[in-house]
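See below for the structure under consideration.
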Amino acid sequence: MKINKERLQEHFEIISQYGKIREAGLCRPALSSIEKEAFSVVSGWMKEAGMTVRIDNSGNLIGRLEGGNSEGPVLMIGSHLDSQPYGGRFDGTSGVLAGVEVAMTLTEQRITPQVPIEVISFCDEESWRFKKGLFGSRGIVGKLEPEELDRTDKDGITRRQALIDFGCDPNKLEESVYPPGAIGAFLELHIEQGPLLDVQNKPVGIVTGIAGPLWLTVKLKGFAGHAGSVPMNLRQDALLGASKMIGEINQIVRQDPSAPSVVTVGSLKVFPDSPNIIPEEVEFTIDLRDIDLNRRNRYEQEIRIMIEEVSTQYKLTAEIQEDTNLEPVDCAEWIQEIIFEESKIMEMDSPKMMSGPFHDSVIMSNACDIGMIFVRCKDGISHNPAEFASYDDLAVGTELLYKTALRVSSKLGNLQLSQSGLTKGGSVL
């Protein structure tokens, strides 16, 4: 094994202290002071690996290891360091620390990649603070929306202010955008966040594609009244209507038991939130995901029609706001093949599998070919302090990432040379 397993484990144990909750959990909000501290620690390791380090105006931490051709397309590797409010210490963090370890190993082996390698921790992948995530990855591919800077967190802090407090300039977001063709490929290592590898007793898997998430916020308005005096048949109870909708949403998405479609209502707000007042306003979220876009679109339409019908039945008004809409994406077959071949060399039978959770790779597919490696996650538990991946499995996954990065960077370098006409006798110099 070329990578340093003990160093990788030490890095995990150090960074897991930043935002630690309970015995093994994590709460590291995007663009928070605790994430800035974690960035400082990881940037130190990047510098040890010989990388130049910066934080761009979209809040991304980026370390760059120069290649033989400094003008060549970048091989980007990474994930995110922000966590869920009640999360685990491996989600996202694994991909960043594995990328740093790849860079450290290249430097120790005195290997200069043919093209530059950048290790990145994307800003706000998790989405919960401002209810619209994947901010950093969208920032570098030019997919940000101006109005989202005005989104607020639960404390009323805007994303714009959070970026300023983090040391970024939200008026210069365009400076974070990479020109077309500047990124040659993106690799991401991540814990599976599901049970398949654990059930199959496999340390790593090869991701074939990522389901597309659709996030909606539903706002219902009825009429408040005294809980003891308004007859049941005269009420405009927004919570009663929401309850009916939530049940129907689940039935709609369960109609094909063989499909991997999933839906979650994970946030519910009630106003005025008093035990003896009929609820006047309710706001809830819908997280709908599928690898089949046509099926997802069909379910969305059925949900919208149902919400309109239930609103009429309960004498409510309904507003549906779209927060996130990403199409499913495929991982590049040539990168899948490299991962598969290197896995075989390491004497592993790594299954190919789709990802239900979304990742920054979904956004990066807009700019370049992508590849993902999954690492076994105990019992499939994630977004929970009980989330666990063994250091042995993480080391195996990181070694596979290292070997994959070597071959991908070499292919990108050869492609660049070929396109530049720097060939002789049909062979790339």
Without swapping roles, check the side chain of [X] against the backbone of [Y] for a donor-acceptor pair under 3.5 Å.
X      : Y      : answer
Asp155 : Ile157 : no
Gln336 : Ile206 : no
Thr217 : Gln321 : no
Thr158 : Gly156 : no
Glu125 : Gly92  : no
Ser176 : Ser58  : yes
Ser410 : Arg407 : no
Arg28  : Ala38  : no
Trp128 : Gly133 : no
Asn60  : Cys123 : yes

Nearest 0.5 angstrom please: [X] [atom1] to [Y] [atom2], how far?
X      : Y      : atom1 : atom2 : answer
Thr112 : Arg110 : OG1   : CZ    : 11.0 Å
Thr93  : His190 : OG1   : NE2   : 8.5 Å
Asp393 : Ser94  : CG    : OG    : 10.5 Å
Glu174 : Leu144 : CD    : CG    : 10.5 Å
Leu412 : Ile183 : CG    : CD1   : 11.5 Å
Ser311 : Met306 : OG    : CE    : 9.0 Å

N-O pairing of [X] and [Y] below 4.0 Å:
X      : Y      : result
Glu48  : Arg7   : no
Lys131 : Asp323 : no
Asp82  : Arg129 : no
Glu300 : Arg304 : yes

Whether the [X] and [Y] side chains hold a donor-acceptor pair (N or O, under 3.5 Å, no angle test) is what I'd like checked.
X      : Y      : answer
Gln251 : Gln255 : no
Ser409 : Gln114 : no
Asp360 : His80  : no
Ser261 : Asp290 : yes
Glu101 : Thr398 : no

What are the two closest heavy atoms between [X] and [Y], and how far apart are they?
X      : Y      : result
Val204 : Leu197 : O-CD2, 3.5 Å
Pro116 : Gly72  : CD-O, 3.8 Å
Val141 : Ala367 : CG1-CB, 3.7 Å
Met51  : Gly63  : CE-O, 3.0 Å
Leu401 : Gly99  : CD2-N, 4.2 Å
Ile191 : Ala389 : CG2-CB, 3.8 Å

Within a radius of less than 6.0 Å around [atom1] of [X], do more than 12 heavy atoms belonging to other residues, nucleotides or ligands occur?
X      : atom1 : value
Glu327 : CD    : no
Glu322 : CD    : yes
Phe340 : CZ    : no
Lys352 : NZ    : yes
Glu333 : CD    : no
Lys2   : NZ    : no
Gln109 : CD    : yes

Item to check | Candidates Thr324, Thr285, Asp287 - the one meeting side-chain hydrogen bond (donor to acceptor under 3.5 Å, both in side chains) with Trp215 | outcome: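 Only one of Thr324, Thr285, Asp287 forms a side-chain hydrogen bond (donor to acceptor under 3.5 Å, both in side chains) with Trp215, namely Asp287.
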
Taking side chain as C-beta onward, heavy atoms only, is [X] less than 4.5 Å from [Y]?
X      : Y      : result
Met245 : Leu220 : yes
Asp124 : Leu31  : no
Phe388 : Ile381 : no
Ile14  : Trp45  : yes
Gln193 : His359 : yes
Met364 : Glu188 : no
Cys168 : Asn57  : yes
Val102 : Ile3   : no

Item to check | Test side chain to side chain contact (heavy atoms under 4.5 Å, CB included) applied to Leu406 and Glu342, step by step | outcome: CA-CA 11 Å; Leu406 280 174; Glu342 292 300 328; over 6 Å; no

Checklist entry - Can you check side chain to side chain contact (heavy atoms under 4.5 Å, CB included) on Phe90 and Leu394, steps first, answer last? => result CA-CA 10 Å; Phe90 299 100; Leu394 289 164; 3.7 Å; yes

Item to check | Test log, rule side chain to side chain contact (heavy atoms under 4.5 Å, CB included), inputs Ser350 and Ile339 | outcome: CA-CA 9 Å; Ser350 301; Ile339 299 172; over 6 Å; no

Next on the checklist: Quick one, Ile140 with Met76, criterion side chain to side chain contact (heavy atoms under 4.5 Å, CB included). Give me CA distance, side-chain angles, the key distance, then yes/no.
Outcome noted: CA-CA 12 Å; Ile140 70 171; Met76 191 172 280; 3.8 Å; yes

Checklist entry - Are Lys36 and Phe166 in a cation-pi setup, meaning NZ or CZ lies under 6.0 angstrom from the ring centre and within 45 degrees of the ring axis? => result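 Lys36 over Phe166 ring: yes.
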
Item to check | Ring centroid separation Phe186 to Phe122 under 6.0 Å | outcome: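 Yes, the ring of Phe186 comes within the 6.0 Å limit of the ring of Phe122, centre to centre.
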
Checklist entry - Which of these, Arg138, Arg160, Lys143, sits in a salt bridge (charged side-chain N to carboxylate O under 4.0 Å, His left out) with Glu148? => result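 Testing Glu148 for a salt bridge (charged side-chain N to carboxylate O under 4.0 Å, His left out) against Arg138, Arg160, Lys143 leaves exactly one candidate, Arg138.
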
Next on the checklist: Does Phe135 form a ring-ring contact (aromatic ring centres under 6.0 Å, His included) with Phe130? I'd like the steps, not just the answer.
Outcome noted: CA-CA 10 Å; Phe135 184 82; Phe130 298 102; 8.2 Å; no

